[in-house]
Amino acid sequence: MLHAQQEQVIYDEADIPKFTLPDPLVAADGTKIDSAQAWNEIRRPELMELFEQEVYGKAPPAPEKIAFKVTESSDDALGGKARRRQVAIQLTDDPKGPVMNLLIYLPKTDQPVPTFMTLNFFGNASIENDPAIQLPQSWLRNSSDKGVDDHKATEKLRGASSSRWPVEMIVENGYGLATAYYGDIDPDFDDKFQNGIHPYFYKEGQKTPQPDQWGSIAAWAWGMSRGLDYLEEDKEVDGSKVIAMGHSRLGKTALWAGASDPRFAAVISNNSGCGGAALSRRRFGESVKRINTSFPHWFCDNFVKYNHNEDACPVDQHELIALIAPRPCLVCSAEEDRWADPHGEFLSAHYASPVYELLGVEGLTAEEMPKVDEPVLSRLGYVIRPGKHDVLVSDWQRYMQFADAHVMGKGK
Ligand code: GCU
């Protein structure tokens with residue numbers, strides 16, 4: 001850790017080394033990708049494989065059967081304004097295996113609703129002070145603020161993160177919200193993958209993932225897909241309009257979920273930074289070396305090859321966004337969140353844009369980095385707002401404005 005802290009952090013554009021980005025529209029063998037067909041048949045599968053192999057690690061296939069149990073349900077939640085459902089989703093084919101608890105709030109309507117699918121950091125009970133929400137049972141990071149003691153939830157956890165989750169507002173705007181605790185999938189600490197979902201997929205004798213097999217981000221993204229498996233079955237939700245959203249490490253996760261699972265109708269990443277929307281080759285703020293040192297479990301082991309060696313990586317993060325094309329994608333930065341490199345996040349969207357255009361849809365409509373609070377809400381969108389690394393109510397207003405235009409088709 002000390003060693004990592006001694007690393008020089010680049011916070012000045014002038015200190016960024018010169019680099020050349022891989023071209024999303026040139027295949028590994030040099031073939032120019034000049035049609036939607038060539039993108040879909042050659043370049044997209046090639047990039048998917050490279051991200052799996054070199055960055056996030058390959059995840060196993062979905063369980064054969066979707067198994068879930070609705071554990072709680074109310075049509076009178078949030079003071080009568082919403083419906084609430086709690087669903088235990090079995091993550092493997094083993095009925096005794098791990099379970100992810102999905103909390104869903106829905107507007108009261110007879111129509112299936114578009115829904116945000118997003119993971120949370122401290123358990124479902126932290127998002128809203130609602131006594132009916134089950135407290136998380138999985139390992140939690142200790143926090144006296146959030147009411148986590150000895151890695152277990154206390155009653156104080158209820159609503160402890162509610163400033164990030166304007167549930168009533170979301171529901172009033174006609175959207176559903178589905179959320180699960182990321183630790184139900186894989187607890188967020190480096191234990192060489194002994195707990196969480198990974199061991200359930202080890203071959204006989206295997207003790208840890210191979211260098212090209214899934215790290216924690218890929219596992220969380222895979223868990224988001226299991227949430228979507230359920231949401232597609234749920235008649236109250238419009239399964240064709242599920243938006244993957246996430247903040248920070250879970251913003252990296254939302255991007256990878258959207259790239260690897262084309263059923264997600266759109267993706268919104270908030271302050272996702274290094275390994276998310278920010279270009280790794282810029283090395284601005286958090287670097288590949290730094291993230292692999294502080295969080296060795298997030299990426300696959302092959303990603304370590306690119307510590308201080310970003311230029312050798314066959315992909316960069318603009319190609320992650322390109323993998324989401326032609327679906328709507330909104331990249332959100334915060335002005336004071338320099339660690340996450342807002343300009344690098346903008347440039348990723350910028351350099352992904354030609355793929356959107358090749359596929360016949362609108363890319364990012366701004367050529368230059370927009371000013372703070374001048375959102376660019378094109379189908380591939382970018383916004384930088386004032387303030388810190390966080391999720392604000394005003395962020396959610398913007399997500400819904402974006403979703404209204406590009407998922408609900410209400411026009412901008
Ligand atoms: C750290 C980490 C980031 C990450 C963030 C978060 O700051 O360096 O990469 O996005 O935590 O998830 O809150």
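Each ligand, and each atom within it, is numbered from 1 in the order the structure gives. If you read the sequence from its start, that first residue is 1, and numbering goes on from there.
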Should the pair Arg226 and Trp222 be classed as cation-pi, given the thresholds of under 6.0 Å to the six-membered ring centre and 45° from the axis?
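Yes, a cation-pi geometry holds between Arg226 and Trp222.
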What does the list of residues with a heavy atom under 4.0 Å from ligand 1 look like, ordered by chain and number?
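Within the 4.0 Å shell of ligand 1, which is judged on heavy atoms, sit Ser248, Arg249, Lys252, Glu286, Ile291, Phe295, Trp298, Trp339, His389.
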For Tyr306, what residues pass the ring pair (Phe, Tyr, Trp, His ring centres under 6.0 Å) criterion, not counting sequence neighbours?
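Tyr306: no ring pair (Phe, Tyr, Trp, His ring centres under 6.0 Å) contacts found.
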Return the set of residues passing ring pair (Phe, Tyr, Trp, His ring centres under 6.0 Å) with Tyr356 (not counting sequence neighbours), or none when no residue passes.
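Here no residue qualifies.
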Within the 3.5 Å criterion, strictly below it, is a donor on Asn271 or Ser248 matched to an acceptor on the partner's side chain?
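Ser248 and Asn271 do not have a side-chain donor-acceptor pair below 3.5 Å.
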Verify the distance criterion only: is there a donor paired with an acceptor across the side chains of Asp190 and His297 at less than 3.5 Å?
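The answer is no; no qualifying pair exists.
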Pairs flagged by salt bridge (charged side-chain N to carboxylate O under 4.0 Å, His left out) wherever residues 166-187 is involved - sequence neighbours left out
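Output for this query lists Lys81-Glu168.
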